[in-house]
Every structure is written in C-alpha cells, then in structure tokens.
Amino acid sequence: MARKITYQQAINEALDQEMARDPRVIIMGEDNAGGAGAPGEEDAWGGVLGVTKGLFHKYPGRVLDTPISESGYVGAAVGAACNGLRPVAELMFVDFIGVCFDQIYNQAAKFRYMFGGKAETPVVIRAMYGAGFRAAAQHSQCLYNMFTHIPGLKVVVPSNPYDAKGLLIQSIRDNDPVIFLEHKVLYTMEGEVPEESYAIPFGEANVAREGDDVTIVAFGRMVNQALTAAAALQNQGIHCEVIDPRTTSPLDEDTILESVEKTGRLVIVDESTPRCSMASDIAGIVAQKAFGALKAPIEQVTAPHVPVPFSDALEDLYVPSPARIEAAVTRVKEYR
Amino acid sequence: MARKITYQQAINEALDQEMARDPRVIIMGEDNAGGAGAPGEEDAWGGVLGVTKGLFHKYPGRVLDTPISESGYVGAAVGAACNGLRPVAELMFVDFIGVCFDQIYNQAAKFRYMFGGKAETPVVIRAMYGAGFRAAAQHSQCLYNMFTHIPGLKVVVPSNPYDAKGLLIQSIRDNDPVIFLEHKVLYTMEGEVPEESYAIPFGEANVAREGDDVTIVAFGRMVNQALTAAAALQNQGIHCEVIDPRTTSPLDEDTILESVEKTGRLVIVDESTPRCSMASDIAGIVAQKAFGALKAPIEQVTAPHVPVPFSDALEDLYVPSPARIEAAVTRVKEYR
Amino acid sequence: MSETLNRESLLKAYRIMRTIREFEERVHTDFATGEIPGFVHLYAGEEASATGVCMHLTGDDYIASTHRGHGHCIAKGVDPVGMMAEIWGKATGTCKGKGGSMHIADLSVGMLGANGIVGGGGPLICGTALAAKIRGTQDVGVCFFGDGASNQGTIFEAMNLAAVWKLPAIFVAENNGYAEATSSKYSVPCENIADRAPAFGMPGVIVDGFDFFAVHKAAGEAIRRAREGGGPTLLEVKLSRYYGHFEGDQQTYRAPGEVQKLRETKDCLLQFRRRITADGEITNEQLDAIDREVKTLIDDSVVRAKADPKPAPADLLTDVYVSY
Amino acid sequence: MSETLNRESLLKAYRIMRTIREFEERVHTDFATGEIPGFVHLYAGEEASATGVCMHLTGDDYIASTHRGHGHCIAKGVDPVGMMAEIWGKATGTCKGKGGSMHIADLSVGMLGANGIVGGGGPLICGTALAAKIRGTQDVGVCFFGDGASNQGTIFEAMNLAAVWKLPAIFVAENNGYAEATSSKYSVPCENIADRAPAFGMPGVIVDGFDFFAVHKAAGEAIRRAREGGGPTLLEVKLSRYYGHFEGDQQTYRAPGEVQKLRETKDCLLQFRRRITADGEITNEQLDAIDREVKTLIDDSVVRAKADPKPAPADLLTDVYVSY
Ligand SMILES: Cc1ncc(C[n+]2csc(CCOP(=O)(O)OP(=O)(O)O)c2C)c(N)n1
Ligand SMILES: Cc1ncc(C[n+]2csc(CCOP(=O)(O)OP(=O)(O)O)c2C)c(N)n1
Ligand SMILES: [Mg+2]
Ligand SMILES: [Mg+2]
C-alpha cells in the first residue's frame, strides 16, 4: 500500500466511497458545495477548506448547502437519520456547537434511551477543531470532552490519514450518533491510505509506538507531538509507549490500563484546556483502575486554562509541544 | 443565628438584598415575574418554582420577563453587563444551555481575553440542575463540568441554604461571568441563614466534616449524601473528611490536596455522568499533585454513563446514594 | 356534514378527540392524588388541532411534538394504554418508563416524540421531510409548537430551512395564548404568529382551533401542497388549554372564568357533536356509545398502569447505544 | 449637498470611508505576502454602510459587529493604528494581539467587538440597549450583520426580544449578496431581508448601500426613533464586498466582472466624492489631501505594526478573569 494521500483527501475519499456504496448517505453543511444560487461555479468551494469538493456533481441531490442555521440543519440531519437516511452534517468549526448543541446532546444523543430503545439515529456530525491556524478563541477549540461527557454520543478524533478514512467510514455505518472531529492542522498531513474501503472499529486504541518505560496517551494532533517527543526520548534511553485511543467514546480502557500495568508511569497529552478534560478523564480512570501499578504521579500535558490566543507568539506556547511532553515524561521517569 | 429558611428562600433573599443595595442589578428570565401581558395577576409565578417571587413589585422595571429565546435574553444579559449593569439571567433548567451556550462560552467567557483585558462582564446565569424530580433526561442534568472546562467562567454549586445566599451575593458582586447552579432537590432544604447580607468568597472549600481516614469530595446535593454516608461510617469507626468545594471554578485545590495528604484515601462524589466529569477532574489533580500521599485507588461515585431515566425506580438508582458512597469509602479504607 | 369527510371519518375524528379529552381529564384527576410522577402538561381543550391535522396523515408521515404532547400522540396513533403506563413510569410504557410524559415517542407510527425542549421539534421535522423528499415519496412532516415556542430560534431556523429546501413540512403553531404564565400578547410582537410566514416566503394561515372542520380544511390544503412539492406552510391554530401550564399551576395569571366560558361556548367536542348530529345521520346515541368505549379504554389503561411493574434495575443501563 | 450634514461632517464622513478603504486595500496587499496570520475578511466596498450609520452615534452608543468588522471599528472610532497592530498579532494591538482581526473590540468607544460567531452580536446589542433603557439614557445599540447571518436563530431571537422589550436597537442587515460562497437568493427565501421586519412588529427599511446619503438618512430616522422610545428597526443595506469572503477566496461563484462593474459605476467613495464636490464648496483638492493623509496614516500603521513587539510569553496567562 504505497499510495500516500492527505488527511483531507482521506476524509473526502471516505465520504465518496460511502456515498457510492449506500444511497442513504447524504451530506450537508454551509458551502459543502458552495455557490448555491450564485451566478458562477457550482461546487465552488466544496467546504470551507475543500474537504467535500467534487461530491456535489457526483451525487446529484445528495450534497446540500445550507443557510447559516446550525440548529436548523444539524437538527434536520438528526431528524433525517430517524427517518431512514444516514446524514453527515458538517459543523465547519466545532466552536459553533454553541448555537446548535441542543439538537445533538438533548435530541440525537438521548432519543434511544428516552424512547425506550426504539429509536436509531445514525447521524454523523463532522467538524474541524484545534489550534494552530491563528484563528483565535472562537475558531480553535477542541471541545471533545463535552461530547465525551454526554451518554449516547460517540466521539472520534483521528490522528492520521489512515485512521481518518477508516474511522469516518465506520462513523457513517455506525447506528449511533457520532461526532467526528478533524484537526485542521492535520489536513495537509500525508500518509499511506489504501484505496479500497475499510472501517476501523470504535473503541480500539492504536498503539502508535511500543515501549516499556512510560505510557503516553494522546489525542488527535497530539499523537504526533507525542511521537516526536518519544523519538527524542528514545535517544536518551527512555522508551515510551504511545497510545492513540482514536475514539474518546467509547474508550479503549483496556489498552491503556494494560500499558500502565507494564510501565507504571503515565503522561496524558490533551490539546484542550485542562479542567474536566480528556486528560482528567484518563487520569481518573487509571488512578482508580490501575492504581496498584502506578509508580509516579500521572502527568497531564494540556493547554492552559485560557482561551486560545490569536498571536502566533502566544498560540505556539498554548499548544502542548514535544518539549513539554519530553519534560513531563522525564519527570515521571525520574520520580522515585 | 437561629433563623432557618430554605435554600430557595436564601436565593430569593440574596437577589432581594443585592437589588436593594445596587441599582445596577436586574434579573430576567422566563416568568421571573410571570403573567406579563396576561389578564390576571402580575408576578403570578415568580419563576417556575417561585424562586424570584415578590421582586417584581419591589423593584419596578428591574425584573424582566422574557420570551422563550434563551440565546436572545442570555446574550442580552451579557451585553448589558458590558454596558454597566449587573444582570442575573435565569436559564430555568440548565439543560436548556444547548440553545444558548454560544452567548456564554464564546461570548461572555472569552471577551476579556479576546479583547486584551479591556472588558468586564459581570453577568450571573442562574439555573436549576440535577436529578430527583422525575423530570427525565432533558430536565435533570448536572452539566457543571462543561462550564468548568471553559476558561473565563466561574461555576458555583451551593450545597445548603447558607452557602446559597452567600455565594449568590458574591456571584452578583463578582466582576467575571458566573454560572450559579441550584439543585432543584435542595430548594426545600432548611438551614440557618443570617438575615444580614454576606458574601462567601469563591475558591474556598468548606470542610463540611473533619476526619482522618478518608477524604470525600462532593458537589452540590452530593455533599449531603456524603454527610449521610459519613455519619453512618462513623459508627463503623471510619472517620471521613467531607469537602465541599462550593465552586468548581475556581477550585480550592489546596484544601483537597491537604486533606489527601492527611488521609491518603479519596472518594469523589459527583451526581453527573462520569466521563470528563468533576470526579475525573479532582481525581486527575490529586493523582498528579498528591500522588505520594495516596494509599489507595481514587474512587469515583457518579451516575452511570446513561441519560437520566424518568421512572422513579430507575432515577433512584441513577443518583449516587449514601449506600454507594459508603461502599466506596469502605473499599478505599480496606485497600492495602 | 363535511364535504371531505365521510361518516366513518367523522366517527373516527370524534373518537380520537374524545380519547384525548378522556385521557387528559383522567391524568388530571390522578395527578392530584400524587401518584403520577414528574411534570405533566395537559392538552385538554386543544383536541381539534392535533386531530384535524393528523386525520390527513399516514403512518409514514412524521410529526414532532412538544412538552404538551399527549394529544398529538393519540391523534397520530400511539396506543393510549402504553402512554398511560409510560406516564406512570412503568416498564410496559411506550418508552419502557424511561421517557415519561415529556418524551413519549413511537417511531413505528411516525411520532418523533414529545419534546422537553421548547422549539426542539422544528429542525427535526425538517429532517424527516428531507428524507421523504430525497427518497421521492410524498410523505410530509408536521411540527406542532406553541406560541411561546414561536419565539425560539430553532423554530425560526427550521421554517427558514424548510423554505430554502422547499421541504414538505407543515408548521402548526398552536397559539393557546400563554407560554407558562406569559401571554402571547407580550411575547409575540406581531398580531398573529401566521404573520411571520412571509419572513420565510411561505403561506401563513390562521384557523379557529375550536373548530375541527376549520383545522381539518386548512391542514388539508397545506398538507396537499406539501405532498405536491409546493413547500412548507405555517398554520396558526388559535385555541386554549383548559388546565394550567402544568399540573399544579394555580393559573392566577388568567382572567377569572376564562376557561369556563370557553368550555361552555366553544369547546371543540361540543361543537363537533352538534355539527355532526345536526342532520341526523349520526346520532347522539352513537356518540354516547363511543364515549363509553373510550371511558372504558382509559379506565382500563389506568388500572393496568397501576398494576404494571416498574422497570427492573438492569434497565437503567440499557438502550443508550445500539452498540458500544 | 445634504440637508442634514454640514461641510465638516461631510469631510469627516469622507475621511472615515477613505480610511476604511485604504486600510482594507492595504491588508489585502499585505496578506498576499503571507505575513498576516489567520483569517481576514475585508469590508472594502461596504464603507457607506458603517459610516452612514455610525455618523449618528456617540461614544456612549454601542455597536456589535461581525467577522467582517474592520469598517465598523473604524467608523465607530477605534484607532486604526492599534487595529493594524492587532491584525499583525502584536502586543501593541487594540487587544494586545490576543484577539486578532475577528475580535477587535474597544469598549471605550462603544465598539463591542467583531465576532467570530455569525449572528453573535444580535443578543449582545439587545443588552447594551437594555442597559441604556434601564438607566434612562437616550443611547442606542446597533447590530450589524450579514445576509447569511439573517438566517441565524440568534438574529431572529434578538429582533424579537428587542421588539418585545421595545429596545432602542437598530438591526442593520448588510446584504452583500453572499454568505461565503452561498448566494442570499438561495439562503433568504423572501425577497428582501427587510421583509422580515413585520414578523417582529418593527419597521423594515431598504437602502442602497453604495449611497452614503441614503444610508445616513435611513439610519438617522431609525436611530432617532430608537432614541425617542419608538423601539427597534430593521434596516437592510444592499451592497457588495469587493474582495472574497476571506483573503484567499478565489470567488469562482461570482459572475465575471461583477465587482469591477460595481467599482466603476457605483462605488460609494466615487459617488460621494462626485456629489459633495458638485457645488464646488468642497474641492477635489481638499479630498485629495485627505486621501494623502489617510495613506500616510495607514502606511505608518503598517510600518509600526511590523516593527512592534509580539506579546510576551507571560501574556499567555493574563486577562482571563478580573480575579480568580
Ligand atoms: C428551551 C426551553 N426553554 C424553556 C422551557 C420551559 N418551558 C416549558 S413549556 C414552556 C412554555 C411553552 O409555551 P408554548 O410554546 O406556548 O406551549 P404551551 O405550553 O402553551 O403548549 C416553557 C417556557 C423549555 N422546556 N425549553
Ligand atoms: C455560527 C457560525 N456559523 C458559521 C460560521 C462561518 N462563517 C463565517 S462568515 C460566514 C458567512 C457570513 O455571511 P454574511 O452574514 O452574509 O456576512 P458577510 O461575510 O457576507 O459579510 C460563515 C458561514 C461562523 N463563523 N459562525
Ligand atoms: Mg402556549
Ligand atoms: Mg453576506
């Protein structure tokens, strides 16, 4: 499998293949085609960063541009899922969740339970997340913790092109509501991706690197930061195991706990702000379920408890860096 | 200070005293008076459960009923705070946050930072939360973790009438946006409350009970469940320290860490669902900062990862009970 | 009699309205004893709206409802026995006791759920209508909502989206004059809710919600237009709720005698009965017989609901995901 | 000349519009070099709207703006030098480099912020207007928003709330025909955005946004009405943006020559200049001199922005709370 494509292309390909396979799959969002009602090109944008480009003409009537009404169209995707379609709605930036959260967390997520198990809501909400684009406080958040907190949702945070494709295909085929989060900085990341369709099951972590000394659990873009740190630490003789849970809900606790049983030392890398974060979550689980194995404090490497700053000088400090990860690993390694 | 009033009366008194003291304080919400435009009584409701009753006539023009437009009026409260008022907006049930979250988390919470420190937004959002009223999945959530996660917000969860009054007064006087969460089951709880006005500072935990064996950190209504459990455990010779942080953001880490340094054993009781919860948060902080003192796994007693069920038979199982807390304490106490 | 409704349909409509009324009166009585848990919002007085609209719908059409959902459920064909058990929190309920009054749903008959979030149904019904449109069926989606909900952003967005996508959706604004204790005169700053339709480029229609025939006719036109690809309609039904916002509401915000007068002069069941018996083809005796059957059904539903088991502890954890 | 505007005001209006144009053209040029970080949305072409409205406002009146906020900022009196530094991410910026283009705010001159959330400003401006009303001042709040934003629930709710509370608020819909790449012909299912005003029981007015005088007059009436307690107005300004949605947008959705034609025939600065120099009281030389001054100001702002320091690492953690 020598073909290399970008994370963005992998997402496009997953959408394409699923739309080809299953006529119930539709996509919708602001400018998912672009140019609706305008005099110029149809499919002028293919999504704000071009992720959905080319699907509009290929699947007539199944790529819907929407007015700027996130509650309206995200809710419509939820309703359509209840009536037999498998919609993929794009929220553009996950930060916009504040204007449509109800349709996701009180409606889609709770239908099955509130209705006594008699509903299925196979909807996917795709959204960009994360810092690094100098996009400032309202366009750079992670927020996966909020979705992870809500029973009834599944939450996916692919860290590379291969996972992006396989996890998105699984998301579309899955019968529960799925939040699929794409790190904007990763869109240009290249990686080997098979041309054929494949699904990566939820709740199965990827052990991105094996090691005996310290376990690093990282999410999304942070997996790559962790791998960079781990490579550097290797030179210092510290062998890190890097675990990429791939989905925060469901969470592959077993892989994490087994690793900690082996290493006794844990660093969690989470790009989001620290309070009630995925970093907290993993720390809490391990402190309860693998306490006996722990040989050092659990270190959390996260953004600080501040909004995402605009200036590159500050944003670069905001995002957890390989250097900070290395320092944390060194601290837990040296702890006696 | 022999006077006893309910939690609900304490909240009403805090609003009343602050409105009397400071003409900039206004309150708004759906039926905060009730009867607007209707032929019958004005101030017919005083809030859906009567919490704001009596203020409408006492402070003419300063108690505003709103249409059912939470984004509209919560955002208006935020805007009014930027223009010199000190509004207290009622969201009724915190579960309704899904239709207005943006105005809180992207606007109010981020103004000061995004604007380079040049804004103050002294707004209070009051809301009912919690299970126990057979109000089902969309009217029974906790959600304080979501607010706690967001830099720029302060989050208050009073567990008794005395705290409710003093913390609400502090909330109104505070110059940052505050989320003030009232547990609906506590409204009828009675307690001693001074008639005079007083403010309880944020970020100062209340040690509700002292003990050397096990630290219990609990929030809101769960403080009372924890105290019940602690009283029972006392009879078995287990001495619990029960800590009520009172505010989840800012959080009084020191009091918690000192207690764990003393006891070495920690149980966290959080009525919310477990993932990325306050239980996770406290566990993560302690596993990082008081690891050396820990003698047992950190136990989290929370609701399960499911929506709040309607039937009393299920809801009573859903909410962490004193019995479950006792069992957790016993487990950590016996851990070797 | 009506031009479009045959004898059978008239009897069916009467039975549905009577069932809703009986159901709600009974819940009202039983709530007072303290045995029914939670918040309950009754639909009594508004029967002609749900019934007049839903008489046009098939099982493949969807409706989205509100916190005041019992009437919509019954009119759309949800089994009242399961509903009663649900309201009592029993395992035999429509939702196994997990949803309660505010969340009764039955997708098998196209009932997408009562909703605890005011305005929540608007976007959802756009979705069911979109699915119908994409599949090329003639099915429609109907969103019921209140005067209070007409101020909620989700409802505005949904109407706008339905117009942009030309969806087969009907927005039924049930204007009963109050949102909790707040008058619609206060919260709706235009004369009628239907006056909002032009903002979304769709027809707006006003009907008397005490008059089943008026509702039935106006709804029929809107639904036909939608089925034929003519896009959405906003239908404002003016009516009244006979009880408080929820059970326990003292209603001091209402004028004294407000409800009593309506009950005596405009009640939808009274009017309907008078009208359909006018020419003698349907007799009062026939309708009395329906009344008795309905009463037996509802009595029975309560007897069963009381006797039925509560959910088992293990039910707490099931039905969250299809797979996890 | 204008009836209500004296010579000084006309020169001031010209200077403001010219400053906005110069600022935006310069950001456009500099963005192309790759030196300006983040997303930038330019206001060039729309100057008459911000200027025509804000000429009526005092420092105690508030405006809420959008992602396309530079023009509103300058018209409301925010210092362009600080703005340029902000856009370049420097410590000397209006917001210390923490906000950037999409979050420029200066409460000291009544500018409540650009906004990264489409429709975010509607509720906020209701709040500043409410504060004015409660304090009994004559101050108003103005919310600028786009055609795309006119479909957002927050804007509908805000207009409704302003009408219910009879707030001194003006909703200025800047209809430039596009939301990103989507035409307003697609997303707004009624003819004009102003047609939505009756849904909220408020006046709706349409003006040509290339014509400063038309905007100024219509805004003046709406603002006077608001100051006098007459409640809110929806003012639709029809105009065009000269650049892409954001810098980098290829604009293939637009008709070829669309912008060029507008620039040549309808440009607000061209029209304004022609009109105010018509009777000779103001000369082209005077305006040329303003052009040069403005150019110097903007050139200087860039020189300074480039030379200014970035925020210091410690700034990362400050300005989150007043106290914590
Ligand atoms: C988003 C949201 N806001 C507020 C409420 C509380 N609430 C429940 S019903 C109701 C009044 C609804 O009035 P209306 O839409 O007129 O319906 P009616 O009760 O008259 O049938 C309110 C405010 C809610 N459930 N959801
Ligand atoms: C809630 C939300 N949805 C979507 C976006 C992405 N977005 C930014 S600007 C824009 C288009 C806005 O169009 P319009 O309101 O017409 O303003 P214009 O850009 O034409 O000035 C969109 C969709 C956003 N920032 N916020
Ligand atoms: Mg109503
Ligand atoms: Mg536009």
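Keep in mind that what you see is a predicted model, and the values were worked out from it rather than measured. Here is the naming used below: chain letters follow the sequence lines, and residue numbers restart at 1 for every chain.
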So which of A:Ala137, A:Ser249, A:Gly152, A:Ala279 has the largest heavy-atom pair count under 4.5 angstrom toward chain B?
A:Ala137
Give, as side chain, backbone, both or neither, the part of A:Tyr144 having an atom under 4.5 angstrom from any heavy atom of chain B.
neither
So how far is it from B:Asp102 CG to A:Cys100 SG, rounded to the nearest 0.5 Å?
9.5 Å
Strictly distance-based, threshold 3.5 Å: is any side-chain N or O of B:Gln288 a donor or acceptor partner for the main-chain N or O of A:Gln300?
yes
Can you see whether A:Gln141 engages B:Asn106 through a side-chain donor-acceptor pair at a distance of less than 3.5 angstrom?
yes
Are the side chains of B:Cys276 and A:Met278 in contact, using a 4.5 Å heavy-atom criterion?
yes
Among B:Pro304, B:Gly284, B:Ser280, the residue with the most heavy-atom pairs under 4.5 Å to chain A is B:Ser280
Side chain, backbone, both or neither: which part of A:Leu294 has a non-hydrogen atom closer than 4.5 Å to chain B?
both
Would you mind checking which part of A:Pro274 comes under 4.5 Å of any heavy atom in chain B, side chain (CB onward), backbone (N, CA, C, O), both or neither?
backbone
With chain B, which of A:Gln103, A:Gln138, A:Met146 has the greatest number of heavy-atom pairs at distances under 4.5 Å?
A:Gln138
Contact part of A:Val286 toward chain B, heavy-atom cut-off under 4.5 Å: side chain, backbone, both or neither?
neither
B:Thr273 side chain to A:His149 main-chain N or O, any donor-acceptor pair under 3.5 Å?
yes
In terms of heavy-atom pairs under 4.5 Å with chain A, which of B:Ala287, B:Ala109, B:Ser272 leads?
B:Ala287
Determine the option with the most heavy-atom pairs under 4.5 angstrom with chain A, choosing from B:Ile298, B:Val308, B:Ile282.
B:Ile298
Shorter than 4.5 Å, heavy atoms on both sides: which option in A:Ala290, A:Gly292, A:Pro151 has the most such pairs with chain B?
A:Pro151
Where on A:Thr148 is there a heavy atom nearer than 4.5 Å to chain B: the side chain, the backbone, both, or neither?
both
B:Asp281 CG to A:Asn145 CG distance, which is reported to the nearest 0.5 Å
10.0 Å
Applying side chain to side chain contact (heavy atoms under 4.5 Å, CB included) to B:Phe291 and A:Val332, what does each step give before you reach the verdict?
CA-CA 11 Å; B:Phe291 176 76; A:Val332 303; over 6 Å; no
To the nearest 0.5 Å, what is the distance between CD1 on A:Ile150 and NE2 on B:His305?
9.0 Å
Which pair of non-hydrogen atoms, one from B:Val94 and one from A:Tyr105, has the smallest distance, and what is that distance?
O-OH, 4.2 Å
Name the region of A:Ala136, side chain, backbone, both or neither, that has any atom closer than 4.5 Å to a heavy atom of chain B.
neither
